[in-house]
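Working notes for the structure below.
Computed over heavy atoms, backbone and side chain alike; hydrogens, waters and symmetry mates excluded.
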Amino acid sequence: MKKRRIAFALFIVLCMGCFTFPARAANIQSERIDFEDGSYAIVTTVTSNVQRSVTGDSKIYTHYDGNDKRCFSYILYATFSYDGEESDAETVDYDVDIYQRGWDISSHSEWTSGDTAYGRAVFTDPDGGRHSVSLSLTCDEDGNVS
């Protein structure tokens, strides 16, 4: 999975080098989701906000236990093309980081449809509990990803 992440990052860098358009700073947005058992997740969306015809962005779901310790992260990567009139999700990929012993990923799937990239995963905790994650990234015709 690390090779895939490096290849994806290299692809984005190469794409960025091919286009010389004014750039805006990266946009990072986070939200917190609290669960009844005291655990919570931080979902972070990282968008490039670079004005060009191809953009690469990611969404990171990090789960924390009730003691504020990271358990796992599920990361959805996507590239989009757009031209001011329409957009299309070109590629989608994922990565997983496990931070605590006993946690594991039991299933995952990633796909694109139209202007949106999707990712779903199920993680199991040390007690056999299941934790579902669903992420999506959507690009509009102007390259704005949410």
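Note that CD1 of Ile60 and OG of Ser58 are 4.5 Å apart. Values are rounded to the nearest 0.5 Å. Interatomic distance, CD1 of Ile105 versus NE2 of His131, reported as 13.0 Å (0.5 Å rounding). Distance check: Asp125 CG to Gln100 CD gives 10.0 Å after rounding to the nearest 0.5 Å. With values rounded to the nearest 0.5 angstrom, Leu76 atom CG is found 8.5 Å from Lys59 atom NZ.
A centroid separation of less than 6.0 Å is found between the aromatic rings of His108 and Tyr94. Residues Tyr74 and Tyr61 keep their aromatic ring centres 6.0 Å or farther apart.
Remark: Ser134 pairs with Arg120 by the side-chain contact (heavy atoms from CB on, under 4.5 Å) rule, at least two apart or across chains. In this structure Asp140 satisfies the side chain to side chain donor-acceptor pair (under 3.5 Å) test together with Asn144, sequence neighbours excluded. Contacts of Ser30 classified as side chain to side chain donor-acceptor pair (under 3.5 Å), with partners at least two apart in sequence or in another chain: Thr44. In terms of the side-chain contact (heavy atoms from CB on, under 4.5 Å) criterion, residue partners of Ser132 (sequence neighbours excluded) are, by chain and number, Val122. The side chain to side chain donor-acceptor pair (under 3.5 Å) check on Thr138 picks up Thr116, with sequence neighbours excluded. Listed by chain and number, the residues in a ring-ring contact (aromatic ring centres under 6.0 Å, His included) with Tyr99 amount to none (sequence neighbours excluded). For the side chain to side chain donor-acceptor pair (under 3.5 Å) test, residues two or more places apart in sequence or in another chain that qualify with Asp34 are Arg32. In this structure, the side-chain contact (heavy atoms from CB on, under 4.5 Å) partners of Asp37, at least two apart in sequence or on a different chain, are Phe35, Ser39. Contacts of Glu90 classified as side-chain contact (heavy atoms from CB on, under 4.5 Å), with partners at least two apart in sequence or in another chain: Thr79, Ser81, Asp88.
Cluster membership check: Val133 shares its hydrophobic cluster with Val43, using side-chain heavy-atom separations under 4.5 Å among Ile, Leu, Val, Met, Phe, Trp and Tyr. Cluster membership for Ile42 and Tyr77, using ILVMFWY side-chain heavy atoms within less than 4.5 angstrom, is not shared. Under the 4.5 Å side-chain heavy-atom criterion for grouping Ile, Leu, Val, Met, Phe, Trp and Tyr, Val92 is connected to Val96 within one hydrophobic cluster.
Hydrophobic side-chain contacts under 4.5 Å tie Tyr118 into a cluster, directly or through other members, with Trp111.
In this structure, Arg70 and Asp97 have side chains that are not in contact, with every pair of non-hydrogen atoms separated by 4.5 Å or more. Side chains of Asp115 and Tyr82 form no contact here, defined as non-hydrogen atoms less than 4.5 Å apart.
Below 30°, between 30° and 60°, or above 60°: for Phe72 and Trp103 the angle between ring planes is between 30° and 60°, a tilted geometry.
In terms of modelled atom types and a separation under 3.5 Å, the side chain of Asn67 and the main chain of Lys69 share no donor-acceptor contact.
Across every non-hydrogen atom of Ala78 and Ala117, the tightest pair is CB-CB, 3.6 Å. Between Asp142 and Gly84, the shortest heavy-atom contact is OD1-CA, 3.8 Å. Considering every non-hydrogen atom in both Tyr40 and Asp65, the closest pair reads CE2-O, 4.1 Å.
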*Checking side-chain contact (heavy atoms from CB on, under 4.5 Å) for the pair Leu137/Phe80: CA distance, chi angles, key distance, verdict?*
CA-CA 10 Å; Leu137 288 163; Phe80 302 92; 3.8 Å; yes

*In sequence, state the C-alpha distance, the side-chain angles, and the governing distance for Asp57 and Thr55, and then conclude on side-chain hydrogen bond (donor to acceptor under 3.5 Å, both in side chains).*
CA-CA 7 Å; Asp57 304 281; Thr55 185; 3.0 Å; yes

